[in-house]
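Below is one structure, written out as structure tokens, with a few remarks after it.
Only this structure's heavy atoms are used, side chains among them; waters, hydrogens and symmetry mates stay out.
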Amino acid sequence: MHIRTSVPLALAASTALAGSLLVSAPASAVTHRSGVHLGKIQYDSPGKDNRSNASLNAEWVEIHNNTTSKVQLKGYQLKDNNGYTFTFGSYNVSAGKTVKVHTGKAKVTSGHVYWNRGSYVWNNTGDKARLIKPTGKLVDSCSWTKSSNGTKNCH
């Protein structure tokens, strides 16, 4: 009789332990990548695609520096599937900070650089962003297919 009661208790304890180990992180948890990497991408600017500068600048790619020191992005490239390429001039992104690469035109400010294009880069129905070091080495990539909100979190 003593054995019968301890077996179900031991089984219940091991099941509870296994269950807690399996549910260590929520399914929606996002793993943050180390180093310099792609963050969030707004590939479909909100509203009608009318090629206005405001609409073009509402299309952007975040590049995040998840290191403990600033990184000089000079020579880094951002490319899409069609070969459109943005090459960074001299630009430092501080430790833990993000820079947005906007498609349209404007003056470079802290956290914002501009491709200076008059047409969209990122395809709404699917594309792939690639971040490439000046040496040609692929640092990170992120792809998407059509989504109702036009954004992709690449972390």
Side-chain angles (χ1 to χ4, degrees), residues 16-155:
L17 177 61
S20 67
L21 292 174
L22 292 174
V23 187
S24 60
S28 62
V30 175
T31 302
H32 204 114
R33 295 184 184 162
S34 62
V36 176
H37 63 271
L38 298 169
K40 187 175 181 181
I41 298 177
Q42 179 71 50
Y43 60 84
D44 185 3
S45 61
K48 185 173 172 115
D49 288 348
N50 58 14
R51 295 181 80 180
S52 69
N53 194 53
S55 180
L56 291 167
N57 280 334
E59 180 183 83
W60 44 261
V61 174
E62 286 180 343
I63 298 173
H64 186 70
N65 175 8
N66 195 28
T67 70
T68 57
S69 58
K70 72 179 178 183
V71 173
Q72 172 57 253
L73 295 177
K74 185 174 184 175
Y76 274 72
Q77 294 182 326
L78 184 60
K79 291 186 175 189
D80 80 332
N81 275 345
N82 291 319
Y84 293 118
T85 304
F86 173 82
T87 303
F88 275 90
S90 182
Y91 187 89
N92 287 313
V93 61
S94 297
K97 298 296 180 182
T98 299
V99 59
K100 281 186 181 179
V101 179
H102 299 269
T103 300
K105 301 172 186 175
K107 183 180 177 188
V108 172
T109 60
S110 179
H112 300 271
V113 297
Y114 298 86
W115 205 313
N116 293 319
R117 291 186 48 84
S119 59
Y120 300 98
V121 172
W122 308 107
N123 293 322
N124 297 349
T125 56
D127 209 337
K128 184 175 187 177
R130 293 168 186 82
L131 181 61
I132 301 165
K133 280 188 170 188
T135 60
K137 180 181 178 191
L138 179 68
V139 175
D140 196 10
S141 66
C142 182
S143 58
W144 60 88
T145 57
K146 178 128 179 81
S147 173
S148 59
N149 66 2
T151 62
K152 171 72 178 188
N153 190 349
C154 302
H155 290 281

Item to complete: Measure the spacing between OH of Y43 and CG of N123 and express it to the nearest 0.5 Å.
Response: 11.0 Å
Item to complete: Name all residues meeting the side-chain contact (heavy atoms from CB on, under 4.5 Å) criterion together with V121; count only those two or more places apart in sequence or in a different chain, and write none if there are none.
Response: E59, D80, Y84, T103, W115, R117
Discussion item. Any non-hydrogen side-chain atom of V93 less than 4.5 Å from a side-chain atom of I63?
Written reply: no
Worksheet item: So do the side chains of R130 and L38 get within less than 4.5 Å of each other, counting heavy atoms only?
Response: no
Discussion item. Walk me through whether D140 and V36 qualify under side-chain contact (heavy atoms from CB on, under 4.5 Å).
Written reply: CA-CA 8 Å; D140 196 10; V36 176; over 6 Å; no
Response to the item:
Nearest heavy-atom contact between I41 and A129 is CD1-CB, 3.7 Å
Worksheet item: Around atom NZ of K100, are there more than 12 heavy atoms of other residues, nucleotides or ligands at under 6.0 Å?
Response: yes
Discussion item. Could you work out, with ring pair (Phe, Tyr, Trp, His ring centres under 6.0 Å) as the rule, every residue matching Y120, not counting sequence neighbours?
Written reply: none
Worksheet item: According to the interplanar angle, ranging from 0 to 90°, do the rings of H102 and H112 count as parallel (below 30°), tilted (30 to 60°) or perpendicular (above 60°)?
Response: parallel
Response to the item:
For C142 and K152 the tightest heavy-atom approach is SG-CG, 3.5 Å
Discussion item. Check whether N57 reaches the backbone of K105 with its side chain - one donor and one acceptor, N or O, closer than 3.5 Å.
Written reply: yes
Worksheet entry | N/O donor-acceptor pair under 3.5 Å between N81 side chain and D127 backbone | no
Worksheet item: When you look at K107 and Y114, which way does the side-chain contact (heavy atoms from CB on, under 4.5 Å) test go after all the steps?
Response: CA-CA 7 Å; K107 183 180 177 188; Y114 298 86; over 6 Å; no
Tell me which donor-acceptor pairs under 3.5 Å the side chains of residues 85-92 have, and how far apart each pair is, sequence neighbours excluded?
| from | atom 1 | to | atom 2 | distance (Å) |
| --- | --- | --- | --- | --- |
| T85 | OG1 | G83 | O | 3.0 |
| T87 | OG1 | Q77 | NE2 | 3.3 |
| S90 | OG | Q72 | NE2 | 3.4 |
| Y91 | OH | G111 | N | 2.7 |
| N92 | OD1 | Q72 | NE2 | 3.2 |

Fill in: Contact check, side chains of N65 and V99, non-hydrogen atoms, under 4.5 Å
no
Worksheet item: Is a donor on one side and an acceptor on the other found under 3.5 Å between the side chain of Q42 and the backbone of W60?
Response: no
Discussion item. What's the separation between atom NE2 in H64 and atom OG1 in T98, rounded to the nearest 0.5 Å?
Written reply: 4.5 Å
